[in-house]
Visitor: 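Dropping a structure here in structure tokens format, bear with me for questions.
Order of listing sets the numbers, starting from 1, for every ligand and every atom in it. Just the heavy atoms: all of them, side chains too, but no hydrogens, waters or symmetry mates, feed the values below.
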Amino acid sequence: MSERKTQIVIVGGGAAGLALARKLGNRYGRSRHDIILIDRNRSHIWKPLLHEVASGSLDPNLEDVGYGGHAAIWGYRYFNGSLEKIDRERRTVTTAPLKDEDGAVIVDRHELRYDYLVLAMGGVSNDFGIEGVREHAMFLEDRKQADRFRQVLLNACLQLNAKRRDDPGARLSICIVGGGATGVELSAELVNCARSLRDYGLEVFDHDALKIHLLEAGPRLLPALDEKVARNVRGELEGLGIDVRTDAMVERVESGRLHVKDGGIIDARMILWATGVRGDNSVERMSDLELTKLDLFVTRPTLQTTLDDRIFAIGDCASCHLPGMDRPVPPRAQSAGQMADCVFDNLDRLQKGKEARDFVYRDRGALVSLSRFATVGNINTGPSGGKLALEGRIARAAYMSLYRLHLLAIHGWLRGSVQIVAAKINKVVRPTVKLH
Ligand SMILES: Cc1cc2nc3c(=O)[nH]c(=O)nc-3n(C[C@H](O)[C@H](O)[C@H](O)COP(=O)(O)OP(=O)(O)OC[C@H]3O[C@@H](n4cnc5c(N)ncnc54)[C@H](O)[C@@H]3O)c2cc1C
């Protein structure tokens with residue numbers, strides 16, 4: 001009788017899960033292991049690129065990674081489905097019926113066995129239960145949403161272009177809620193987009209055609225960065241004509257309108273919500289694993305979930321409070337990649353009968369790109385907590401290196417390096433704005 005394979009199931013092929021699937025597939029292959037990646041989508045795009053996809057400055061088709069092809073190269077199995085249930089006693093996961101766009105079932109509810117399970121399902125924006133957000137705001141959580149934002153933006157720009165022939169003062173108002181990296185970067189990308197549109201046939205378009213409002217409920221932008229950097233960023237954005245408001249708490253959202261506490265009403269044709277990270281609501285119904293109030297899986301420092309040694313949680317869907325840290329590990333791309341590496345080692349250790357090791361988070365700093373106008377931030381220079389402020393070309397190179405590291409993590413050194421060169425060539429030969 002053939003030996004039963006060790007089955008490692010990863011749910012979620014994002015920054016954390018896809019890097020882990022590649023490494024596990026590459027290490028163990030298919031002979032004595034079955035590495036399975038489950039994702040509800042069929043392709044992956046790195047989330048920090050989504051604001052560029054939304055504004056049209058990046059063609060997502062060039063950066064998309066199809067799971068099927070990736071799995072074939074790296075020796076794991078890809079299953080298209082959405083996690084619905086975890087049965088810890090029977091060690092199985094069940095995926096919901098997979099439906100086509102018309103709602104017809106393509107693949108029925110499906111059960112998969114696991115020896116080890118890694119949850120890497122990412123998170124969603126936190127709407128804080130504010131009335132009207134889910135109904136009237138847009139989000140930037142996956143490619144579909146970024147594509148939709150771009151389509152709505154382009155349609156509104158075309159309409160405005162026609163209107164401006166008779167009314168040269170007409171403007172398109174866009175409100176972005178959330179002064180973190182996503183909100184700040186998208187604001188700058190939109191200004192860049194508006195400045196390019198005249199060259200693309202929207203002849204009465206210029207930099208003041210868009211009125212961009214950026215609202216932050218806290219006292220300053222970019223809480224993850226130094227105060228001085230955040231102040232400089234605010235100055236840059238205001239210099240680009242963006243209306244930046246801090247201490248601006250949105251109380252209610254209606255169609256085309258936001259009510260701000262002590263700040264009146266803002267009319268906006270497009271509203272983008274980009275605040276905080278929480279777990280998806282559906283997570284509550286999936287299992288009896290311990291969750292935080294924000295529906296994140298609580299893990300021990302080893303990244304194993306508190307109630308089950310065989311189940312790990314990594315990336316944005318995990319809440320890992322390490323000894324000596326005031327807060328849980330932040331939901332960032334660098335944390336996701338580092339957690340994937342830690343779980344890769346721990347899975348090896350557990351299979352060899354050794355104890356899992358604690359995760360060590362190395363905060364390398366944070367950088368923000370204001371499109372082609374500026375890149376700023378700080379990098380951490382060592383364990384003593386030293387910080388180096390960066391701007392200009394060096395900051396741009398450091399910012400780009402985070403994505404390059406992701407490409408190397410999911411494609412390996414050889415293929416990853418080719419992808420990096422291909423991306424550079426595309427930047428030169430492709431139009432700077434995607435208008436379809
Ligand atoms: C617009 C934007 C800009 C950002 N910019 C930065 C930045 O500049 N720097 C930085 O460090 N971080 C940034 N982040 C945060 C960073 O992208 C995340 O921290 C990182 O992607 C988390 O990785 P992850 O693997 O946990 O989740 P994700 O990358 O979100 O991947 C989760 C995967 O799980 C799948 N999935 C979800 N639910 C299910 C389910 N039920 N069943 C099956 N599959 C499921 C999803 O389809 C997805 O593929 C940004 C995020 C956004 C949204």
Visitor: Using a 6.0 Å distance limit plus a 45 degree cone around the ring axis, check whether R310 lies over the aromatic ring of Y116.
Guide: yes
Visitor: Should the pair R88-D308 be classified as a salt bridge under the 4.0 Å nitrogen-to-oxygen rule?
Guide: yes
Visitor: Counting only N and O atoms by type, is there a donor-acceptor contact under 3.5 Å from the side chain of D39 to the main-chain atoms of G13?
Guide: yes
Visitor: For atom 27 (O) of ligand 1, what's the nearest protein heavy-atom neighbour? Residue, atom name and distance, please.
Guide: G122 CA, 3.2 Å
Visitor: Do any N/O atoms on A15 end up under 3.5 angstrom from N/O atoms on ligand 1?
Guide: yes
Visitor: State if A366 counts as touching ligand 1 under the rule of any non-hydrogen atom under 4.0 Å.
Guide: no
Visitor: Before signing off on this row, confirm whether A333 and ligand 1 have an N or O atom pair separated by under 3.5 Å.
Guide: yes
Visitor: Mark the output for E141 as yes if a heavy-atom distance to ligand 1 is under 4.0 Å, and as no if none is.
Guide: no
Visitor: Do the charged groups of K85 and E111 touch, with an N to O distance under 4.0 Å?
Guide: no
Visitor: Would you check if there is a donor-acceptor pair between the side chains of N80 and R42 at a distance under 3.5 Å?
Guide: yes
Visitor: For atom 31 (O) of ligand 1, what's the nearest protein heavy atom and its distance?
Guide: G14 CA, 3.1 Å
Visitor: According to salt bridge (Lys or Arg N to Asp or Glu O under 4.0 Å), who are the partners of R278, at least two apart in sequence or on a separate chain?
Guide: D295
Visitor: Can you tell me which residue and heavy atom of the protein come closest to atom 44 (N) of ligand 1, and the distance to 0.1 Å?
Guide: R40 N, 3.3 Å
Visitor: Hydrogens and angles aside, do T306 and E290 bring a side-chain donor and acceptor to less than 3.5 Å of each other?
Guide: yes
Visitor: Has the side chain of H110 got a donor or acceptor atom that lies under 3.5 Å from a matching backbone atom of T95?
Guide: no
Visitor: Under 4.0 Å from any heavy atom of A336, which atoms of ligand 1 are there?
Guide: 23 (O)
Visitor: At what distance is the nearest protein heavy atom to atom 15 (C) of ligand 1, and which residue and atom is it?
Guide: P331 O, 4.1 Å
Visitor: Dump the intermediate steps for side-chain hydrogen bond (donor to acceptor under 3.5 Å, both in side chains) on R364 and Q334, then the final yes or no.
Guide: CA-CA 8 Å; R364 313 239 185 249; Q334 54 175 315; 5.2 Å; no
Visitor: Who's the nearest protein heavy-atom neighbour of atom 37 (C) of ligand 1, and how far?
Guide: M121 O, 3.1 Å
Visitor: What residue and atom, counting heavy atoms only, is the protein's closest point to atom 34 (O) of ligand 1, and at what distance?
Guide: G12 CA, 3.2 Å
Visitor: Give the atoms of ligand 1, by number and element, whose distance to some non-hydrogen atom of R332 is under 4.0 Å.
Guide: 11 (O), 12 (N), 19 (O)
Visitor: Do R300 and F359 form a cation-pi contact, if we require the NZ or CZ to be under 6.0 Å from the six-membered ring centre and within 45 degrees of the ring's axis?
Guide: no
Visitor: Run the contact test for Y67 against ligand 1 with a 4.0 Å cut-off on heavy atoms, strictly below, and give the result.
Guide: yes
Visitor: Pairs of nitrogen or oxygen atoms closer than 3.5 Å, one from L402 and one from ligand 1: do any exist?
Guide: no
Visitor: Taking only heavy atoms of G81, which atoms of ligand 1 are found under 4.0 Å from at least one of them?
Guide: 42 (N), 43 (C)
Visitor: Among all protein heavy atoms, pick the one closest to atom 3 (C) of ligand 1 and tell me residue, atom and distance.
Guide: T182 OG1, 3.3 Å
Visitor: May I ask you to check whether R143 and N61 show a side-chain donor-acceptor distance below 3.5 Å?
Guide: yes
Visitor: Of the protein's non-hydrogen atoms, which lies at the shortest distance from atom 53 (C) of ligand 1, and what is that distance?
Guide: L140 O, 3.3 Å
Visitor: Pull out every atom of ligand 1 sitting under 4.0 Å from any heavy atom of A120, numbered as shown with elements.
Guide: 32 (C), 33 (C), 34 (O)
Visitor: Which is closest to atom 17 (O) of ligand 1 by heavy-atom distance: H51, E84, K47, H44?
Guide: K47
Visitor: Is a donor from one side chain sitting under 3.5 angstrom from an acceptor on the other, for S369 and E185?
Guide: no
Visitor: Hydrogens and angles aside, do S125 and E141 bring a side-chain donor and acceptor to less than 3.5 Å of each other?
Guide: yes
Visitor: Quick check, are the ring centers of H44 and H406 under 6.0 angstrom apart?
Guide: yes
Visitor: Out of A16, G315, P48, who gets a non-hydrogen atom closest to atom 50 (C) of ligand 1?
Guide: P48
Visitor: Under a 3.5 Å threshold, yes or no: a donor from one side chain and an acceptor from the other, between Q351 and H33?
Guide: yes
Visitor: Is there at least one pair of N or O atoms, one from V11 and one from ligand 1, spaced under 3.5 Å apart?
Guide: no
Visitor: Is S82 near ligand 1, meaning one of its heavy atoms is under 4.0 Å from it?
Guide: yes
Visitor: Between V53, I38, D316, flag the one that comes closest to atom 26 (O) of ligand 1 by a heavy atom.
Guide: D316
Visitor: Mind checking whether D39 contacts ligand 1 via backbone (N, CA, C, O), side chain (CB onward), both or neither, at a 4.0 Å heavy-atom cut-off?
Guide: both
Visitor: Could you tell me, atom by atom, which parts of ligand 1 come under 4.0 Å of a heavy atom of N41?
Guide: 47 (O)
